[in-house]
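Chain identifiers are assigned alphabetically (A, B, ...) following the order of the sequence lines, protein sequences preceding nucleic acid strands; residue numbering begins at 1 within each chain.
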Protein chains: 2
Amino acid sequence: MTDTFVSNPSFFKLDATLKRIRNYWQKTFDAHKKDITVDQWLLIENLYKHKKITHNELAKVTSKDITTVSRIIELLVKKELVVREGSPHDRRKVFLQLTAKGSEKYKDVRPLVLEMRKTGWTGLTESDYSELTRILDVIYNNIP
Amino acid sequence: MTDTFVSNPSFFKLDATLKRIRNYWQKTFDAHKKDITVDQWLLIENLYKHKKITHNELAKVTSKDITTVSRIIELLVKKELVVREGSPHDRRKVFLQLTAKGSEKYKDVRPLVLEMRKTGWTGLTESDYSELTRILDVIYNNIP
DNA sequence: TTTTTTTAGTTGCTAAAGCAACTATTGCTA
DNA sequence: TAGCAATAGTTGCTTTAGCAACTAAAAAAA
């Protein structure tokens, strides 16, 4: 790998792309008055998928810091989209679950998300997707 | 493009990878007592490259919000790495420049950054790099 | 059983992202 | 030339990121 190659700012390109996607998602949510942020959506999506899960587990599957999860969940509880329920067996643990309102929010927002993902992938093939996944995975695992 | 494909959370993978890189960079900066954040570094890198530039231009080349740039620059000014200098021709404009200390910081940190980039790319080829760049560019330009 | 360590979660702090509203110029136009 | 629009930046606000320090409970070790 050449020096000019290494000096190439791929970090920057990742960052710029992600910011652009995030921005687009947020603007779309806002335009449709979904009253939700992108990261709040990510948590809702995972809560829908996992049904019952702790802060810690949710942090792992979303690649978020547990403190960040804790605070986003607080906002979702305030919006009555999520309930916290202490575990009877282990009183340190708190299980998180979507409320009925939370499930409805998921079903309400999901079509928008699918549409946006489709938009992002326009002109790309499934093999492009595999390539991207492969390369990002390698980079991810290269980091000590 | 199939539905399962579209539903695949590539956004999440981008986010996770970027967070991991950012985290690694920050920890490395801290371990070497560079007293700098990743985004502060990005601005310094661009100030070194462009020599004399306004907030607005710096925001464009770094894909950052101008308010964000404004505040990061404030921190860099406090650290005496950057000076603001009003334009005599247009009193709205403020030119930004690295101080001598700022240039030194750049030269001091740059080897670390090159090393980390190399680490991230271990096991990948230049064609992987082109692929990643191409795919990210397509996605970026797909976003309305 | 008592002490120590580990685990789950919260709170305080600083940094960065981005929108809205604001000031101060400069440029355009009627 | 006077009035209005556009441009450059800053400040206030809410959200997310992540480290450090903390509480409380459970698990492991003495």
- Item | Donor-acceptor pair present, R91(B) side chain and dT25(C) base, under 3.5 Å |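 It does not, because no donor-acceptor pair links the side chain of R91(B) to the base of dT25(C) below 3.5 Å.
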- Task: Please state whether the phosphate of dG9(D), meaning OP1 or OP2, lies under 4.0 angstrom from any side-chain nitrogen or oxygen of N56(B).
- Result: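 So the side-chain polar atoms of N56(B) do come within 4.0 Å of the phosphate oxygens OP1 or OP2 of dG9(D), strictly under.
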[atom1] of [X] versus [atom2] of [N]: gap in Å, rounded?
| X | N | atom1 | atom2 | value |
| --- | --- | --- | --- | --- |
| E57(A) | dG9(C) | CD | C1' | 13 Å |
| I66(B) | dG18(C) | CD1 | C1' | 12 Å |
| H55(B) | dG9(D) | NE2 | P | 6 Å |
| I72(B) | dA17(C) | CD1 | C1' | 9 Å |
| L58(B) | dA8(D) | CG | P | 14 Å |
| K78(A) | dT14(D) | NZ | C1' | 11 Å |
| L75(A) | dT14(D) | CG | P | 11 Å |
| D39(A) | dT14(D) | CG | P | 18 Å |

- Note on the structure: Reading nucleotides 18-23 of chain D from 5' to 3' and marking B where a protein heavy atom lies under 4.0 Å of the base, S where only the sugar-phosphate is that close, and - otherwise, the string is BBB---
- Base, sugar-phosphate, or nothing for Q40(B), non-hydrogen atoms under 4.0 angstrom?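 Counting heavy atoms under 4.0 Å across all strands, the contact made by Q40(B) is with sugar-phosphate only.
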- Query: For V38(A), which contact category applies under a 4.0 Å heavy-atom criterion: base, sugar-phosphate, or nothing?
  - Reply: nothing
- Message: With ring-ring contact (aromatic ring centres under 6.0 Å, His included) as the rule and sequence neighbours excluded, what pairs involving residues 42-86 of chain B come up?
- Response: Y48(B)-Y106(B)
- Query: Which residue, R92(A) or K79(A), contacts DNA chain D at a nucleotide closer to its 5' end, judged by nearest heavy atom?
  - Reply: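 Its nearest nucleotide being more 5', the pick is K79(A).
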- Between D90(A) and V69(A), which has a closest nucleotide on DNA chain D that is more 5'?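 Result of the comparison: V69(A).
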- Residues at least two apart in sequence or cross-chain that pass side-chain hydrogen bond (donor to acceptor under 3.5 Å, both in side chains) with K93(A), listed by chain then number, are none
- Partners of T54(A) by side-chain hydrogen bond (donor to acceptor under 3.5 Å, both in side chains), sequence neighbours excluded?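 Partners of T54(A) by the side-chain hydrogen bond (donor to acceptor under 3.5 Å, both in side chains) criterion, ordered by chain and then number, come out as E57(A).
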- Query: How would you list all residue pairs meeting salt bridge (charged side-chain N to carboxylate O under 4.0 Å, His left out) that involve residues 133-144 of chain B, not counting sequence neighbours?
  - Reply: K13(A)-D137(B), D128(A)-R134(B), E131(B)-R134(B)
- Partners of K64(A) by salt bridge (Lys or Arg N to Asp or Glu O under 4.0 Å), sequence neighbours excluded? D39(A)
- Message: Within 45 degrees of the ring normal and closer than 6.0 Å to the centroid, is that where the cationic atom of K34(B) sits relative to F29(B)?
- Response: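 No, K34(B) and F29(B) do not form such a contact.
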- Counting only N and O atoms by type, is there a donor-acceptor contact under 3.5 Å from the side chain of R20(A) to the main-chain atoms of I143(B)? yes
